[in-house]
Amino acid sequence: MSITRPTSATIVAAACGLLAGAASLGSAELAAALWRPQSGPLPAVGSAFIDLTPGWLKDFAIRTFGENDKPVLLLGLMAAVAALAAVAGISAPRHPRPAVATLVGLGVVAALAARGRPGAGALDAAPSLLAAAVGALTLLLLRRAWLRAFTAPRPAHRPAGGPTPATGARTQPALPPETDRAETDRAGTGTDRVETGPATQAQTPRAADRRTLLLTGAATLGLATFSGGAGRVITGARDSAAGGAGLVLPRPADPAAPLPSGSDLRIAGLSPYTTPTADFYRVDTALIIPRVPHRDWRLRIHGLVDRPVELTFDDLLARPLAERDITLTCVSNEVGGPYAGHARWLGVDLAALLRQAGVRSGADQILSRSADGWTCATPVETVLDGRDALLAVGMNGQVLPPVHGFPARMIVPGLYGYVSATKWVTDLKLTRFADEPAYWTVRGWAERAPIKTASRIDVPKAFARLPAGRLTVAGVAWAQHRGVDAVEVRIDGGPWHQARLAPSANADTWRQWHLDWQVAPGEHRLEVRATDATGHTQPSQRVTPFPDGATGWHSVVVTVR
Ligand SMILES: Nc1nc2c(c(=O)[nH]1)N[C@H]1C(S)=C(S)[C@@H](COP(=O)(O)O)O[C@H]1N2
Ligand SMILES: [Mo]
């Protein structure tokens with residue numbers, strides 16, 4: 001078998017497939033925008049994929065692509081659809097049924113995925129079914145145009161007394177093999193031109209067929225761009241309307257004290273004490289950020305309670321708001337990793353809300369649920385033990401941004417995000433751990449997950465090349481709700497040296513630290529470890545984030561010249 005260059009006929013056929021795929025996705029985008037953006041075929045399949053991927057693959061994606069894992073997944077899905085659509089286009093002339101079945105099949109799979117999302121109804125399948133129909137229809141239309149343009153012209157189109165076909169293939173009803181087709185095409189065009197005569201008669205039958213194909217293609221492209229673009233515009237308008245723009249939050253009844261002076265050492269390259277909201281890490285399973293207009297938002301507190309509660313956003317704002325400094329950390333953070341951030345949160349006292357509902361003695365778990373169906377299991381006792389657990393509506397002096405959970409999210413100091421920090425929260429059910437596992441517990445992550453004591457070197461950066469002399473080593477350390485008591489640094493495995501600790505707002509936040517050093521030229525390895533207020537020092541043993549958080553000392557290697 002030899003590899004031959006694809007003929008122009010084949011390339012045009014592939015383009016027809018791609019156009020059908022684009023029209024299909026474009027129309028689905030518009031339909032989904034009119035209904036629910038999450039119901040679109042790509043988000044639906046992508047979300048199902050996220051929920052179904054085994055932990056190792058998810059870990060790989062997070063390690064490799066970081067916070068770009070979602071765009072990478074969407075691009076991958078689009079590439080897969082494009083490839084299948086192109087193949088469908090190429091096979092359509094001779095095998096129309098499998099080609100159409102490919103596009104319809106994709107749409108049906110997407111429809112099933114959309115229907116199967118948490119909280120989805122029958123209508124959620126509609127955009128994908130529309131995609132299937134539009135894909136099939138446009139592929140068939142383009143196929144018909146392609147056949148006319150690239151195979152034997154129908155005798156009816158020939159001028160009376162027209163030329164005898166140059167080859168037998170021209171009158172053959174069955175499709176010739178690809179190579180013949182291209183030859184026929186070339187021969188045909190040549191013959192037509194010779195016979196056309198006056199330049200004013202521009203359209204030979206063959207050229208007319210080509211023009212029809214081009215127009216059909218252009219119309220399909222127009223449909224794809226218009227519907228896709230309109231879908232985008234509608235979704236964008238809805239998103240900004242639902243994002244709480246113009247919403248003004250009440251002043252806190254219980255404001256946070258000003259940050260202690262010196263809590264931010266302001267060393268270049270060191271993470272600022274308060275993470276600017278725009279730089280705050282984001283971790284969630286949402287391919288499309290849930291948009292819940294605050295006027296429609298409701299929070300239900302039910303399950304093992306004496307008095308089920310339902311709150312509107314106004315009810316929430318009518319309660320006294322507290323402002324608290326709390327550092328959030330993700331369990332998936334590797335040693336030295338970026339998934340920790342500090343913010344000043346504004347919210348209502350979560351414990352008071354639960355007490356109002358009256359938690360029954362049997363309940364040991366708060367199963368919180370987000371607008372997109374994600375679930376999270378928080379131990380009841382951690383919320384009721386007096387710590388500053390919040391139902392937060394504000395972050396760093398502003399309304400909670402959509403990516404961080406607008407209209408409301410949970411924040412519980414001392415617990416990793418996956419067991420405490422439900423964004424877009426709409427439901428709190430008091431249950432038992434033994435009865436109802438949450439999203440990540442089902443996938444093997446620990447049921448209980450207090451944040452482990454950790455420290456990170458921010459300055460110097462790994463593999464930095466530095467001038468000899470005084471070297472500043474600086475970073476952050478956290479042990480939320482216990483507090484960091486000491487940070488030690490060592491160089492090249494030597495003795496540990498106490499770093500200077502900056503003050504922090506409270507034990508629920510991280511602390512900055514730094515240490516100055518005289519270093520000799522050469523390659524050096526810097527290591528850090530923290531000790532929390534219970535006297536526990538970070539162990540050297542490296543453990544992966546799964547199933548309850550990484551351990552080990554962060555180290556960086558630098559070269560001093
Ligand atoms: N609805 C919802 N809330 C969620 C998650 C999620 O996937 N869905 N992820 C949690 C995890 S694992 C973490 S670490 C924090 C991160 O919060 P952030 O994105 O605001 O930094 O949100 C938590 N809340
Ligand atoms: Mo997380």
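When a ligand or atom number is given, it counts from 1 through the structure's own listing order.
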Close N or O approach ([X], ligand 1; < 3.5 Å):
X	value
W424	no
A421	yes
W440	no
D284	no
Y281	yes

request  = Show your working on side chain to side chain contact (heavy atoms under 4.5 Å, CB included) between H554 and L526 and close with a plain yes or no.
outcome  = CA-CA 8 Å; H554 185 214; L526 304 162; over 6 Å; no

Atom indices of ligand 1, in the order listed, that fall short of 4.0 Å to a heavy atom of [X]:
X	value
F280	21 (O)
Y418	11 (C), 12 (S)
S370	1 (N)
T422	3 (N), 24 (N)
V283	5 (C), 9 (N), 10 (C), 11 (C), 12 (S), 13 (C), 15 (C), 16 (C), 19 (O), 22 (O)
C330	14 (S)

key: Nearest-option assignment for atom 17 (O) of ligand 1, heavy atoms, candidates E67, R282, R369, R409   = R409

key: Residue portion contacting ligand 1 (non-hydrogen atoms closer than 4.0 Å) for V331   = neither

task = Report the relative orientation of the aromatic rings in H294 and F406; use parallel for angles under 30°, tilted for 30 to 60°, perpendicular for over 60°.
result = perpendicular

remark   = W513 and L501 have their tightest heavy-atom pair at CB-CD2, 3.9 Å

query = What are the two closest non-hydrogen atoms of Q365 and A377, and how far apart are they?
reply = OE1-CB, 3.0 Å

ask   = Measuring from the heavy atoms of M410, does anything fall under 4.0 Å of ligand 1?
value = no

message = Going by side-chain hydrogen bond (donor to acceptor under 3.5 Å, both in side chains), name the residues that satisfy it together with E334, two or more places apart in sequence or in a different chain.
response = none

key: Enclosure of F49 CZ (heavy-atom neighbours >12, cutoff 6.0 Å)   = no

ask   = Between D254 and R324, does at least one N-O distance fall below 4.0 Å, as a salt bridge requires?
value = yes

key: Salt bridge D124-R115, side-chain N to carboxylate O under 4.0 Å   = no

remark   = For atom 19 (O) of ligand 1, the closest protein heavy atom turns out to be K423 NZ, 2.5 Å

query = Among all protein non-hydrogen atoms, which one is nearest to atom 8 (N) of ligand 1, and what is the separation to 0.1 Å?
reply = W374 CD2, 3.2 Å

Identify each donor-acceptor pair in which a side-chain atom of residues 393-400 lies under 3.5 Å from a protein atom, sequence neighbours left out, and give them as a table.
{"residue": "N396", "atom": "OD1", "partner": "R344", "partner atom": "N", "Å": "2.9"}
{"residue": "N396", "atom": "ND2", "partner": "T275", "partner atom": "O", "Å": "3.0"}
{"residue": "N396", "atom": "ND2", "partner": "T277", "partner atom": "OG1", "Å": "3.0"}

message = Using the ring centroid of each side chain, check whether W445 and F546 are separated by less than 6.0 Å.
response = yes

